[in-house]
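A quick write-up on the structure given underneath.
Per chain, numbering begins at 1; letters A, B, ... match sequence-line order. Since we're looking at a predicted model, the values are computed, not measured. Computed from heavy atoms alone, side chains included, the values below leave out hydrogens, waters and symmetry copies.
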There are 2 protein chains.
Amino acid sequence: MSERSNMVGDLAPVVGYHLRRASGVFAADFAAAMEGTGMRQVLIGILAVVSGSPGINQGAVGRVLGIKRANMVSLINELVDADLIERVVDTADRRAFALTVTPSGATLLAACLRKIETHEDRLLAGFTAAEKNMLLDFLGRIERRGAPPA
Amino acid sequence: MSERSNMVGDLAPVVGYHLRRASGVFAADFAAAMEGTGMRQVLIGILAVVSGSPGINQGAVGRVLGIKRANMVSLINELVDADLIERVVDTADRRAFALTVTPSGATLLAACLRKIETHEDRLLAGFTAAEKNMLLDFLGRIERRGAPPA
DNA sequence: TATTGTTATACTCTATAACTATA
DNA sequence: TATAGTTATAGAGTATAACAATA
């Protein structure tokens, strides 16, 4: 038996362990797929959420993605500095910033989503469409058991 | 539609995104379940692997769990300092340490595994046994697509 | 009072490079 | 020369507490 197959002993039936490892496999391949774009998982997440909800503010984006307000600040700064999102004071609530994706942000997001599709297809090559849908369903059910974001 | 249901837009069909979120839900609940034990996900992983392969050395544990040699050092130190594992020079290869779980390490691991079972049952409450097995199968297939550990 | 964004800070996880001692 | 362990270091993710401006 090789070192990789089943040396994990008591961990073998632990879903949380395998979620962690599988998530790591995706993260590593994601990083490789994004090489040259400067994008990371979190940044793509923010870009996608802002793209889907133009005018949304930082706090709301954070609540959707499970990112704390305090940690949103530098992430948004990165995206603004890279001219991928625009941040203007919300006229309806002057505490908040209305976020929108810039043209170059939209272009980059589209390009990244194409790369992500290839990356996902590579990692899920052994999955039928039905299996992939089941996996997405299972993961969604787990996500909804999480504590609501602060 | 609430903020939590589907504001993720283009991320909705992205398995890697949902793996990340679901893994985070498990990690947060795991941490809560381990409160008072001083244990974290990585430490339990190491304890379980050493428990299943007494005499194994640090490098091998790292390869099984996907932890780099350099990062193993302080983790093993933590476990040794807490008297949960014992580290003795391997007589067959004096570069290496043979690792074993101490009696208190075995007791703590057993106690944690019981807590983990409760924690997993809570998060997977909506899953049938067949669904849980399918999920474990899916995750295992993804893990095996990862780059072999350095 | 509550909320938006911010700063400061700290801990964990992960990664690389360079070193030592053994093999 | 290759491997086991180590040190130092850096980047990224995540967490809390406290503050200013606005609601």
Tell me: [atom1] of [X] to [atom2] of [N], nearest whole Å?
{"X": "Phe30(B)", "N": "dC13(C)", "atom1": "CZ", "atom2": "C1'", "value": "15 Å"}
{"X": "Leu43(B)", "N": "dT12(C)", "atom1": "CG", "atom2": "P", "value": "9 Å"}
{"X": "Leu65(B)", "N": "dT12(C)", "atom1": "CG", "atom2": "C1'", "value": "16 Å"}
{"X": "Met39(B)", "N": "dC13(C)", "atom1": "CE", "atom2": "P", "value": "11 Å"}
{"X": "Met72(A)", "N": "dT4(C)", "atom1": "CE", "atom2": "C1'", "value": "12 Å"}
{"X": "Arg21(A)", "N": "dC13(C)", "atom1": "CZ", "atom2": "P", "value": "14 Å"}
{"X": "Gln41(B)", "N": "dC13(C)", "atom1": "CD", "atom2": "P", "value": "8 Å"}

Pairwise side-chain hydrogen bond (donor to acceptor under 3.5 Å, both in side chains) hits with a residue in residues 83-92 of chain B, at least two apart: Asn77(B)-Arg87(B), Asp83(B)-Ser104(B)
Nearest-nucleotide comparison on DNA chain D, the residue closer to the 5′ end among Arg40(A) and Val73(B): Val73(B)
5'-most by nearest nucleotide on DNA chain D - Thr91(A) or Phe97(B): Phe97(B)
Nucleotides 14-22 of chain C: protein proximity per nucleotide (B base, S sugar-phosphate only, - neither; heavy atom, under 4.0 Å): BBBB---BB
Check: Gln58(A) side chain, Arg69(A) main-chain N or O, donor-acceptor pair, under 3.5 Å: no
Under 3.5 Å donor-acceptor, Glu120(A) side chain and Val15(B) backbone: yes
Residues Arg21(A), Leu139(B); criterion side chain to side chain contact (heavy atoms under 4.5 Å, CB included); working and verdict: CA-CA 8 Å; Arg21(A) 294 303 302 272; Leu139(B) 296 176; over 6 Å; no
Span of DNA chain D, from the first to the last nucleotide whose atoms fall under 4.0 Å of chain B heavy atoms: dA2(D) to dT14(D)
Partners meeting side chain to side chain contact (heavy atoms under 4.5 Å, CB included) with Val49(A) (sequence neighbours left out): Ile56(A), Val61(A), Val64(A), Leu65(A)
With Ala33(A) via side chain to side chain contact (heavy atoms under 4.5 Å, CB included) - residues at least two apart: His119(A), Arg122(A)
Intermediate values then yes/no, side chain to side chain contact (heavy atoms under 4.5 Å, CB included), Arg20(A) and Phe26(B): CA-CA 9 Å; Arg20(A) 189 172 136 86; Phe26(B) 262 80; over 6 Å; no
Sugar-phosphate, base or nothing in reach of Asn57(A), heavy atoms under 4.0 Å: sugar-phosphate
With Phe97(A) via ring-ring contact (aromatic ring centres under 6.0 Å, His included) - residues at least two apart: none
Val101(A)/Leu109(A) under side chain to side chain contact (heavy atoms under 4.5 Å, CB included): CA gap, chis, key distance, verdict: CA-CA 9 Å; Val101(A) 173; Leu109(A) 176 59; 5.5 Å; no
